[in-house]
Protein chains: 4
Amino acid sequence: MSAPTARGGRPREERVDAAILSATRELLVEGGYAGLTVGAVAARAGIGKAAIYRRYETKQEMVFAAAVHGLDLESPPDLGSLRAELEWLTEVIAATLSGPAVAGALGGLLADMSDDAVVSRMRETFVAHQRANVTAVLDRAVARGELTSRPDAAVVHAMLLGPVFAWLFVLREPGDVRGFAPTLARMAAAALSA
Amino acid sequence: MSAPTARGGRPREERVDAAILSATRELLVEGGYAGLTVGAVAARAGIGKAAIYRRYETKQEMVFAAAVHGLDLESPPDLGSLRAELEWLTEVIAATLSGPAVAGALGGLLADMSDDAVVSRMRETFVAHQRANVTAVLDRAVARGELTSRPDAAVVHAMLLGPVFAWLFVLREPGDVRGFAPTLARMAAAALSA
Amino acid sequence: MSAPTARGGRPREERVDAAILSATRELLVEGGYAGLTVGAVAARAGIGKAAIYRRYETKQEMVFAAAVHGLDLESPPDLGSLRAELEWLTEVIAATLSGPAVAGALGGLLADMSDDAVVSRMRETFVAHQRANVTAVLDRAVARGELTSRPDAAVVHAMLLGPVFAWLFVLREPGDVRGFAPTLARMAAAALSA
Amino acid sequence: MSAPTARGGRPREERVDAAILSATRELLVEGGYAGLTVGAVAARAGIGKAAIYRRYETKQEMVFAAAVHGLDLESPPDLGSLRAELEWLTEVIAATLSGPAVAGALGGLLADMSDDAVVSRMRETFVAHQRANVTAVLDRAVARGELTSRPDAAVVHAMLLGPVFAWLFVLREPGDVRGFAPTLARMAAAALSA
DNA sequence: GTGTAACCGAGACGGTACGTCCTGTCTTGCC
DNA sequence: GGCAAGACAGGACGTACCGTCTCGGTTACAC
């Protein structure tokens with residue numbers, strides 16, 4: 001979809017790609033996923049709806065691309081201790097999820113997707129990289145001798161991502177999510193070390 | 001809404017209340033939040049749409065009432081140890097969230113709500129009771145001497161609810177969520193004891 | 001309907017009858033037939049909707065009763081000439097049709113009725129009496145020698161009623177309908193005499 | 001409404017315009033104005049409701065367009081005498097009003113309209129042309145010397161249209177309206193000549 | 001007097017239509 | 001062939017109204 005063979009004809013304008021993503025992010029901040037309309041994105045971007053559907057098959061794909069695009073691409077640095085690196089991971093996750101566009105989009109994306117291809121893509125893009133980072137951190141901790149055996153990365157990932165997710169989307173504490181990260185990392189480190 | 005003073009006039013029929021909730025739950029299971037129609041609920045319940053809108057201002061309120069109604073009302077029994085009780089809590093949370101109606105509804109509800117009254121109601125109903133249960137468990141652990149000081153119940157709640165939530169709605173591992181609960185509870189107990 | 005056998009039980013309150021008709025007429029003036037609601041009539045009259053439907057089977061019957069009630073019951077006096085009496089008839093018709101409640105109701109009544117009982121009742125009540133008056137006037141003109149044979153009363157009635165009706169409901173000239181009556185009567189007299 | 005400036009974009013399809021009008025006329029014949037549903041028109045026409053509301057602001061406008069469209073566009077031929085031409089006019093009016101779609105629509109249209117723009121448009125379209133025809137006929141009669149002065153065309157129009165209108169919508173005589181036209185025209189000619 | 005039957009205001013009930021909105025596709029004419 | 005504009009089919013949404021029914025209570029006539 002995003003890369004149809006594109007043999008001949010006029011090339012797509014990058015300006016349009018950028019305008020779509022940027023307008024989507026704006027409207028996501030202003031009105032959340034609900035209240036975001038493909039027509040409104042087109043109008044805000046000063047383009048036609050067809051230019052959107054030429055790039056994304058559905059509204060969900062567009063929002064996913066806009067919200068997730070370019071997120072969380074760094075790998076965790078070696079900070080010397082499991083706990084410090086877990087804290088780094090948690091903070092990156094919290095920063096990613098609490099960005100205004102992501103916050104507006106994530107709930108909505110979960111809604112419109114049942115079990116189809118989009119959710120798979122999302123898992124691959126959004127989840128796989130984070131899990132790789134978790135794996136790297138755990139491997140380093142084993143190498144350092146902080147852990148005797150490497151726990152399941154998926155479980156550890158859920159333990160870091162989950163509370164942040166719940167905090168933002170269900171609990172919605174008025175307090176800053178960032179302050180939550182160190183506490184969470186400390187508890188996770190303790191749990192793993194035990 | 002659900003309880004207008006109602007001085008005179010024909011009283012509302014409980015049969016209708018029940019039929020709405022039950023039809024909503026059925027359709028939630030069959031087609032998820034997306035794909036659930038107010039008209040379809042009315043048709044399935046054998047009532048008119050107006051009877052629904054007399055009770056709930058929006059589709060979201062109806063779904064919320066149907067999905068959350070009567071959930072998780074038991075209090076945690078004294079099982080003798082913090083870990084056992086955390087495990088009980090986690091299993092209740094997992095059972096609640098993975099029930100078919102709730103699973104179909106929760107994502108969708110998060111979507112259509114920005115920050116308005118519905119999300120507050122949801123927090124009050126859905127979250128408050130679980131948090132009270134967490135508090136009770138922690139208090140008992142302090143009384144037993146398992147913990148020296150009572151940690152923040154909100155944080156502990158997030159640590160239990162969050163991973164389950166993430167597992168179900170983001171990670172969507174094919175594996176059973178139930179198997180996840182004991183691991184999670186064990187790690188939480190270790191984290192708290194440290 | 002209006003007079004069910006009424007064996008036992010509490011008798012109907014005349015206050016309610018009057019309140020219904022009066023509220024209907026008020027709302028007819030304020031908003032026309034469209035925009036008149038049975039619920040609004042009940043509210044304005046300070047009664048329940050059931051009290052209305054106990055008296056009238058449909059909204060149309062109620063409006064008909066309210067608009068037509070007590071209209072046009074006088075018989076045409078002997079004014080000495082056909083033309084004078086035709087003028088009297090035309091003025092009565094114009095006065096009847098241009099009353100505010102009737103004006104608001106008639107179009108609407110015509111709308112909701114296809115060919116059923118209500119239109120028959122309306123014809124009987126509203127039309128029959130006027131036609132009897134036309135017949136009386138024509139008979140007197142024959143007796144006076146102004147006409148050699150009595151024309152069809154239905155045709156003459158249509159020639160008097162019709163232009164007034166069209167003037168009010170289709171043409172809607174801003175000018176006063178009353179000024180139209182003498183001209184119409186004069187032309188009708190000339191047509192009949194020829 | 002029917003002609004927005006429409007600079008760019010896909011032009012409206014004539015097929016859709018025609019399908020709307022044709023489906024409306026069919027349903028008007030089948031069930032009258034009451035019993036005609038915008039949804040049913042859309043379904044019968046094989047189009048979406050939005051395509052209707054893009055063209056007509058309300059159901060009334062649509063029905064008006066369908067019932068009145070293309071009616072009565074001929075001008076009265078010179079038939080040599082006032083009476084013959086009046087008869088022609090009356091027959092055209094009767095034919096117009098007694099057409100099945102118009103008969104189903106007119107009463108209903110009168111109902112839903114109070115005094116707003118729709119009734120004005122209707123007057124302009126439906127009435128203005130007929131009145132112009134009346135004027136032409138009267139002018140020819142003056143030129144022929146049949147009339148000494150030209151009477152008010154509005155009054156004459158009311159005298160022709162009105163009885164037909166009343167006959168069809170109020171009196172509803174079972175007899176054929178067509179037979180009514182010559183009598184009416186003869187009487188009108190006599191009245192004008194006097 | 002005390003039934004009993006029909007009344008009363010209030011308002012919920014099933015049903016149906018309205019007019020608006022949105023999605024994803026298609027069709028113009030211009031570049 | 002991409003692009004802006006916008007029409008298309010389809011269908012859900014939330015509102016409004018109709019005519020019926022139910023509640024708790026009142027009022028007259030008959031026994």
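Hydrogens, waters and symmetry mates play no part in the numbers below; they use all other heavy atoms, side chains included. Just so it is clear: chains get the letters A, B, ... in the order the sequence lines come, proteins before strands, and each one is counted from 1. Keep in mind that what you see is a predicted model, and the values were worked out from it rather than measured.
- The CD1 atom of C:Ile52 lies 13.0 Å from the CD atom of C:Glu61; values are rounded to the nearest 0.5 Å.
- Rounded to whole Å, the distance from CZ on D:Arg44 to P on F:dG10 is 15 Å.
- Between the CZ atom of B:Arg54 and the C1' atom of F:dG14 there is a distance of 14 Å, given to the nearest Å.
- Remark: D:Asp17 engages D:Arg55 in a salt bridge, criterion side-chain N to carboxylate O under 4.0 Å.
- At a cut-off of 3.5 angstrom, the base of F:dG10 holds no donor-acceptor pair with the side chain of D:Lys49.
- With rounding to whole Å, B:Arg12 atom CZ is found 11 Å from E:dC13 atom C1'.
- To the nearest angstrom, P of F:dC23 lies 12 Å from CZ of B:Arg15.
- Summarising the geometry of B:Val29 relative to B:Pro100, their closest heavy-atom pair is CG2-CB, 3.6 Å, with the distance given to 0.1 Å.
- When rounded to the nearest whole Å, the span between CD1 of D:Ile47 and P of F:dG11 equals 14 Å.
- The side chain of C:Val16 lies closest to E:dG9, out of E:dG9, F:dC13, F:dG10.
- Residue D:Ala67 comes nearest to D:Ala101 through the heavy atom pair CB-O, 4.5 Å, listed as atom of the first residue, atom of the second, then distance.
- Atom CD1 of D:Ile52 is separated from atom P of E:dC21 by 17 Å (rounded to the nearest Å).
- Contact of C:Lys59 with F:dG19 (side chain to base): no donor-acceptor pair of N or O atoms is detected under 3.5 Å.
- Where D:Arg10 and C:Gly35 meet DNA chain F, the nucleotide closest to each residue was compared, and D:Arg10 sits on the side nearer the 5' end.
- As a whole-Å value, the separation of C:Arg55 CZ from E:dC7 P is 8 Å.
- Annotation: side chain of B:Leu36 is in contact with side chain of B:Met62 (closest heavy-atom distance under 4.5 Å).
- When heavy atoms are screened at a 4.0 angstrom cut-off, B:Ala42 is found touching no nucleic acid atom at all.
- Where D:Glu13 and C:Asp17 each meet DNA chain E at their nearest nucleotide, the meeting point lying more 5' is that of C:Asp17.
- With DNA chain F read from its 5' end, the first of the two nearest nucleotides for C:Val38 and A:Ala51 is the one closest to A:Ala51.
- Rounded to a whole Å, the OH atom of D:Tyr53 is 17 Å from the P atom of F:dG11.
- Each of C:Ala45 and B:Pro11 has a nearest nucleotide on DNA chain E; the 5'-most of these lies closest to C:Ala45.
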